[in-house]
Amino acid sequence: MSFAEFGRTEVPAPRTERSAEDLALEAEKLSLRTTRPAPGAVVIEAAGILDMNSAPQFAEAVRAHLTAATRTAVLDLSGLSFLSTDGVVVLMEAGHRALMRQANLVLVSQNRIVDRLLGILDVTDRFTYASTADAAINAADATPALREPVSRL
């Protein structure tokens, strides 16, 4: 069948405007922000959706910043609107990397979505938690040689 048979004689122009649905999906994509608030410390803030599509991006960011020079890595997950098991796998890998490098890995969640999935998967006891990134950095700086956990859920 041709366009003429449908009453059209030309190919329609591509749509240039973006729907509210498209904008909402884009706003929910994973966004990462990295800061270094103190020597040997890195904070990676994640916001949006951490799922199978964005887990590789998150994993790469964590790997890139969890270096030998990093004594404390804080993963701030409080801005996540969704967390899948793929994201939890990245968190578990990050915990293992930190352990191998003798670094502190601290999660800042204060997020029901994150806390619930970690609880369902029964992995909450594998992580150290803090209420804020600043609290994690301050507690780690107070006992850098001991590498003690900041607090447990």
Side-chain angles (χ1 to χ4, degrees), residues 14-153:
R15 186 174 61 156
T16 57
E17 74 279 351
R18 295 171 46 187
S19 69
E21 204 172 280
D22 291 340
L23 293 172
L25 286 175
E26 186 172 308
E28 286 294 315
K29 287 181 182 177
L30 181 68
S31 67
L32 299 173
R33 191 183 100 169
T34 305
T35 56
R36 292 199 172 271
V42 64
V43 176
I44 302 173
E45 296 176 48
I49 296 174
L50 180 50
D51 62 3
M52 66 184 285
N53 295 320
S54 57
Q57 174 191 0
F58 183 63
E60 186 57 36
V62 172
R63 284 185 207 117
H65 294 289
L66 194 54
T67 63
T70 304
R71 289 189 334 260
T72 302
V74 179
L75 302 179
D76 187 344
L77 310 175
S78 58
L80 290 179
S81 59
F82 180 79
L83 175 66
S84 75
T85 54
D86 297 287
V88 176
V89 168
V90 175
L91 295 176
M92 299 291 289
E93 178 190 328
H96 181 71
R97 282 180 180 274
L99 181 65
M100 297 305 291
R101 297 190 189 309
Q102 296 183 336
N104 293 312
L105 177 72
V106 183
L107 301 185
V108 175
S109 102
Q110 303 294 313
N111 182 329
R112 194 181 86 177
I113 293 165
V114 174
D115 295 341
R116 185 166 186 224
L117 183 58
L118 294 177
I120 288 170
L121 296 175
D122 197 24
V123 295
T124 54
D125 62 337
R126 297 186 188 202
F127 299 104
T128 301
Y129 300 87
S131 57
T132 66
D134 289 338
I137 299 297
N138 292 337
D141 284 345
T143 57
L146 298 177
R147 305 276 185 236
E148 291 182 1
V150 177
S151 68
R152 297 271 183 199
L153 273 182

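Keep in mind that this is a model prediction, so the values were computed, not measured. One-based numbering along the sequence shown.
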Peer 1: Is there a donor in the side chain of D134 and an acceptor in the side chain of T132, or the other way round, less than 3.5 Å apart?
Peer 2: no
Peer 1: Side chains of F58 and L77: closer than 4.5 Å at any heavy-atom pair?
Peer 2: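 The answer is yes; the side chains approach within 4.5 Å.
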Peer 1: Tell me which donor-acceptor pairs under 3.5 Å the side chains of residues 35-47 have, and how far apart each pair is, sequence neighbours excluded?
Peer 2:
unit_1: E45; atom_1: OE2; unit_2: R33; atom_2: NE; d: 3.4
unit_1: E45; atom_1: OE2; unit_2: R33; atom_2: NH2; d: 3.0

Peer 1: If only atom types and distance count, is the side chain of Y129 paired as donor or acceptor with the main-chain N or O of T124 below 3.5 Å?
Peer 2: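 Side chain of Y129 to backbone of T124: a pair is present.
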Peer 1: Nearest 0.5 Å, what's the CG-OG1 distance between L75 and T128?
Peer 2: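 Answer rounded to 0.5 Å: 11.0 Å.
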Peer 1: What do the steps show when you test D115 against S109 for side-chain hydrogen bond (donor to acceptor under 3.5 Å, both in side chains), and what is the final call?
Peer 2: CA-CA 7 Å; D115 295 341; S109 102; 2.3 Å; yes
Peer 1: To the nearest 0.5 angstrom, please state how far the CG atom of D76 sits from the CD atom of Q110.
Peer 2: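 If I round to the nearest 0.5 Å, the distance is 9.5 Å.
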Peer 1: With sequence neighbours left out, which residue pairs that include part of residues 102-112 fulfil the salt bridge (charged side-chain N to carboxylate O under 4.0 Å, His left out) condition?
Peer 2: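 Salt bridge (charged side-chain N to carboxylate O under 4.0 Å, His left out) check on residues 102-112 returns no pairs.
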Peer 1: Apply the test side-chain contact (heavy atoms from CB on, under 4.5 Å) to residues L50 and L30: give CA-CA distance (whole Å), side-chain angles for both, the deciding distance (0.1 Å), then the verdict.
Peer 2: CA-CA 6 Å; L50 180 50; L30 181 68; 4.1 Å; yes
Peer 1: In Å and rounded to the nearest 0.5 Å, what is the OG to CG distance from S31 to L80?
Peer 2: 9.0 Å
Peer 1: Would you give me the side-chain donor-acceptor pairs under 3.5 Å for residues 90-99, sequence neighbours excluded?
Peer 2:
unit_1: E93; atom_1: OE1; unit_2: R63; atom_2: NH2; d: 3.3
unit_1: E93; atom_1: OE2; unit_2: R63; atom_2: NE; d: 2.8
unit_1: E93; atom_1: OE2; unit_2: R63; atom_2: NH2; d: 3.3
unit_1: E93; atom_1: OE2; unit_2: R97; atom_2: NE; d: 3.0

Peer 1: Any chance you could measure K29, atom NZ, to S54, atom OG, to the nearest 0.5 Å?
Peer 2: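 Interatomic distance, K29 NZ to S54 OG, rounded to 0.5 Å: 10.5 Å.
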Peer 1: Nearest 0.5 Å please: distance from the CD1 atom of I137 over to the CG atom of N104.
Peer 2: 9.0 Å
Peer 1: Mark yes or no for whether T70, through its side chain, and A73, through its backbone, hold a donor-acceptor pair below 3.5 Å.
Peer 2: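 No, the answer is negative, given that no donor and acceptor are paired below the 3.5 Å cut-off.
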Peer 1: Using modelled atom types and a 3.5 Å cut-off, is there a donor and acceptor pairing between side-chain atoms of D86 and backbone atoms of A55?
Peer 2: no
Peer 1: Scan D122, V114, L121 and name whichever one has a side chain to side chain contact (heavy atoms under 4.5 Å, CB included) with L118.
Peer 2: V114
Peer 1: Please give me the minimum heavy-atom distance between S84 and M52, naming the atom from each residue.
Peer 2: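 Nearest pair, atom of S84 first, then M52: OG-N, 3.7 Å.
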Peer 1: Can you tell me how far CG of N111 sits from OG of S81, rounded to the nearest 0.5 angstrom?
Peer 2: 8.5 Å
Peer 1: Check whether D51 reaches the backbone of L83 with its side chain - one donor and one acceptor, N or O, closer than 3.5 Å.
Peer 2: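 Looks like no, no N/O pair under 3.5 Å.
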